**Q** 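Quick one: structure below, then a few questions.
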Amino acid sequence: MFRPKLPTMPQPTGTVTPPTVIQPTTITPGTPTTPPAPTAPAPVPTRPTIQLTPGTALALVGGGTAVVLVVGAVLVSMLLAVAITGASVAVCAVVLRSLLASDARRR
């Protein structure tokens, strides 16, 4: 029951071509190349170092705080939208259940 059933390979039909024979080729040695002349290492580009001044640090902190507040407000509003949608669906379900139950009592 749990053993896999292996498919049987069908025999080829039609004409079968014999395998082609590959003739070996001769390899002729080439002339040895001389190693390239050593080159000087590429100069490393100098980048200016970043220096944080009190004004720059304050701007970074303010920008980070603004980003956190905006992302938090978006997430809270999405959570509130989901909660309101869930509550409205629940109210609709209760109203429909009440309507169906009162309709069944009348009959």
Side-chain angles (χ1 to χ4, degrees):
M1 179 173 153
F2 293 109
R3 290 187 182 172
K5 295 180 181 177
L6 300 175
T8 57
M9 293 296 292
Q11 294 298 322
T13 57
T15 59
V16 179
T17 59
T20 59
V21 178
I22 300 174
Q23 298 294 331
T25 57
T26 59
I27 299 174
T28 56
T31 59
T33 59
T34 58
T39 59
V44 178
T46 57
R47 292 187 282 173
T49 57
I50 298 175
Q51 296 179 354
L52 290 177
T53 61
T56 308
L58 188 62
L60 285 175
V61 168
T65 303
V67 167
V68 167
L69 289 176
V70 168
V71 170
V74 168
L75 290 178
V76 167
S77 65
M78 288 173 58
L79 180 64
L80 186 61
V82 168
I84 291 172
T85 304
S88 65
V89 167
V91 168
C92 289
V94 168
V95 169
L96 283 176
R97 182 178 173 190
S98 173
L99 288 174
L100 291 175
S102 66
D103 188 37
R105 276 188 243 149
R106 288 186 199 154
R107 291 184 183 183

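Keep in mind that what you see is a predicted model, and the values were worked out from it rather than measured. Note that the numbering runs from 1 along the sequence shown for the chain. Note: hydrogens, waters and symmetry copies are ignored here, and every other heavy atom, side chains too, is used.
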**Q** Atom OG1 in Thr85, atom CG in Leu80: separation rounded to 0.5 Å?
**A**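 Result: 9.0 Å between the selected atoms.
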**Q** Assigning hydrophobic clusters by single linkage (Ile, Leu, Val, Met, Phe, Trp, Tyr; side-chain heavy-atom cutoff under 4.5 Å), is Val67 placed with Leu75?
**A**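 In one cluster: yes.
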**Q** Are the side chain of Ser98 and the backbone N or O of Val94 linked by a donor-acceptor pair below 3.5 Å?
**A**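 Absent.
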**Q** Could you list the cluster mates of Leu96? Members are the ILVMFWY residues connected by side-chain heavy atoms closer than 4.5 Å, either directly or through other members.
**A**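 Joined to Leu96, directly or through intermediates: none.
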